[in-house]
Engineer: 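Would you mind keeping the following structure in view while I ask a few things?
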Amino acid sequence: MNLRDKLRRILPDILPRREQDAIKGRELISRVREVLGNTYSDGSLRTQFSLLALEADTCLARIPNGQGYYLRRAGDPLPSLQEVFDEGPDTPADSPLHRAIALAVRLYDTAGLSVFAYPPEEESWGHPDLVVVQWPAGQWGEDGAYTMRPGKGRHATYRAVCVGVADSPEVSRQAFYRALACGQWAQESELLLIGPAGEAEEELTRLASLYGVGVRCLADPDQLAQLPETERLFRAELSAARDLLAELPQVVLAPPRHQDHPAFSPEDMPDVLPVQEWARQCVARGRVESYERRVAVH
């Protein structure tokens with residue numbers, strides 16, 4: 001039984017019954033560990049909490065525009081992805097990091113790809129900032145959903161993306177190695193740098209050639225500060241987002257190298273298992289709903 005199914009089974013017994021008694025994620029993790037033990041990381045549990053809170057048929061409800069989980073009742077409203085994306089105890093809702101992540105999400109989803117976005121937080125070496133998902137052959141419908149063509153052997157492919165700010169050659173180098181470490185399970189990995197690579201350009205290009213990690217430079221910190229606030233950037237219509245991206249300078253130092261047999265399996269990096277479970281569910285039903293194109297999670 002996967003983590004998602006285990007949580008669906010145990011959460012009704014450990015969640016508070018009333019919204020006013022809602023518990024924060026840390027307390028919910030503690031209660032889950034009393035039942036499941038320490039098999040899963042905090043990141044994996046938080047990710048599943050946020051995904052489940054976005055599903056109408058699960059028991060997990062989340063306080064709108066706040067923090068706290070409780071038992072969902074029939075008819076309770078679902079939170080929007082924007083609410084999930086903006087909330088965070090340690091990061092202001094419109095911080096440069098939030099804005100950079102939102103910009104990165106729009107870079108990929110305007111190209112018709114789905115994006116699984118981990119929450120802006122302290123730098124993690126256990127998962128990338130984004131996972132870009134390429135679905136099996138199909139087409140987007142007028143309702144905003146993607147329907148896959150029937151057939152055997154369908155599966156999604158993944159690009160692990162880390163976002164960094166090119167403050168200095170040392171910071172850029174560290175961001176590169178983080179992208180390398182966080183992408184060993186995916187078919188492709190990429191570093192998206194905010195700002196020009198500057199003195200680090202030659203070294204990053206050489207490292208990219210050696211390890212197969214793509215490196216792309218987009219905008220710069222000053223331009224990032226002048227962009228619309230995070231919520232507007234995240235919610236912008238497709239055409240408006242494309243126009244905005246077209247105005248920003250973009251330099252590809254190296255494209256990501258595709259690998260059919262990644263060095264690690266997802267099981268080697270438990271914090272990326274939630275995106276695999278989410279993608280498998282979409283492929284199994286042959287459809288990706290419009291709201292799932294930009295999955296942003298705590």
Engineer: Check whether any side-chain heavy atom of Tyr158 lies under 4.5 Å from a side-chain heavy atom of Val272, and answer yes or no.
Structural biologist: no
Engineer: Tell me whether Gln20 at atom CD has more than 12 heavy atoms from other residues, nucleotides or ligands lying less than 6.0 Å away.
Structural biologist: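 Yes, CD of Gln20 has more than 12 neighbouring heavy atoms, counting only those of other groups under 6.0 Å.
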Engineer: Hey, is CD on Glu202 packed in by over 12 heavy atoms from elsewhere, all under 6.0 Å?
Structural biologist: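 Result for CD/Glu202: open.
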Engineer: How far apart are the C-alpha atoms of Tyr40 and Val32, what are their side-chain angles, what is the distance that settles it, and do they pass the side chain to side chain contact (heavy atoms under 4.5 Å, CB included) test?
Structural biologist: CA-CA 10 Å; Tyr40 302 99; Val32 167; over 6 Å; no
Engineer: Scan side-chain atoms only and decide if Tyr211 and Gln184 contain a donor-acceptor pair under the 3.5 Å cut-off.
Structural biologist: no
Engineer: Would you please say whether a donor-acceptor pair under 3.5 Å links the side chains of Tyr69 and Lys24?
Structural biologist: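 No, no side-chain donor-acceptor contact under 3.5 Å.
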Engineer: Strictly by modelled atom types, are Arg216 and Gln250 linked by a side-chain donor-acceptor pair under 3.5 Å?
Structural biologist: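 Per modelled atom types, Arg216 and Gln250 side chains form a pair under 3.5 Å.
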Engineer: Is it true that, when you exclude Arg26 itself, more than 12 heavy atoms of the residues, nucleotides or ligands shown sit nearer than 6.0 Å to its CZ?
Structural biologist: no
Engineer: Evaluate the ring planes of Trp135 and Trp278, with Trp represented by its six-membered ring, and classify them as parallel (under 30°), tilted (30 to 60°) or perpendicular (over 60°).
Structural biologist: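 The rings of Trp135 and Trp278 stand perpendicular, inter-plane angle above 60°.
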Engineer: Is the backbone of Arg18 close enough, under 3.5 Å, to the side chain of Asp21 for a donor and an acceptor to pair up by distance?
Structural biologist: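 Such a contact is absent between Asp21 side chain and Arg18 backbone.
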Engineer: Mind running salt bridge (Lys or Arg N to Asp or Glu O under 4.0 Å) on Arg159 and Glu190 for me, showing each step along the way?
Structural biologist: CA-CA 7 Å; Arg159 177 182 298 184; Glu190 185 171 28; 2.9 Å; yes
Engineer: Does any N or O in the side chain of Arg178 come within less than 3.5 Å of the main-chain N or O of Ser124, such that one atom is a donor and the other an acceptor?
Structural biologist: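 Answer holds: yes.
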Engineer: Check for a donor-acceptor pair, side chain of Arg173 on one end and backbone N or O of Leu204 on the other, with a separation under 3.5 Å.
Structural biologist: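 Between the backbone of Leu204 and the side chain of Arg173 there is no qualifying donor-acceptor contact (under 3.5 Å).
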Engineer: Is it true that Arg33 and Asp42 have a side-chain N and a carboxylate O under 4.0 angstrom from each other?
Structural biologist: yes
Engineer: Is the closest side-chain heavy-atom distance between Val215 and Thr205 below 4.5 Å?
Structural biologist: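 SC-SC contact between Val215 and Thr205 ruled out.
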Engineer: In this structure, would Val161 and Leu245 fall into the same cluster of hydrophobic residues linked by side-chain contacts under 4.5 Å?
Structural biologist: yes
Engineer: Would you call Arg99-Glu229 a salt bridge at under 4.0 Å N-O?
Structural biologist: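 Salt bridge between Arg99 and Glu229, a charged N being under 4.0 Å from a carboxylate O: no.
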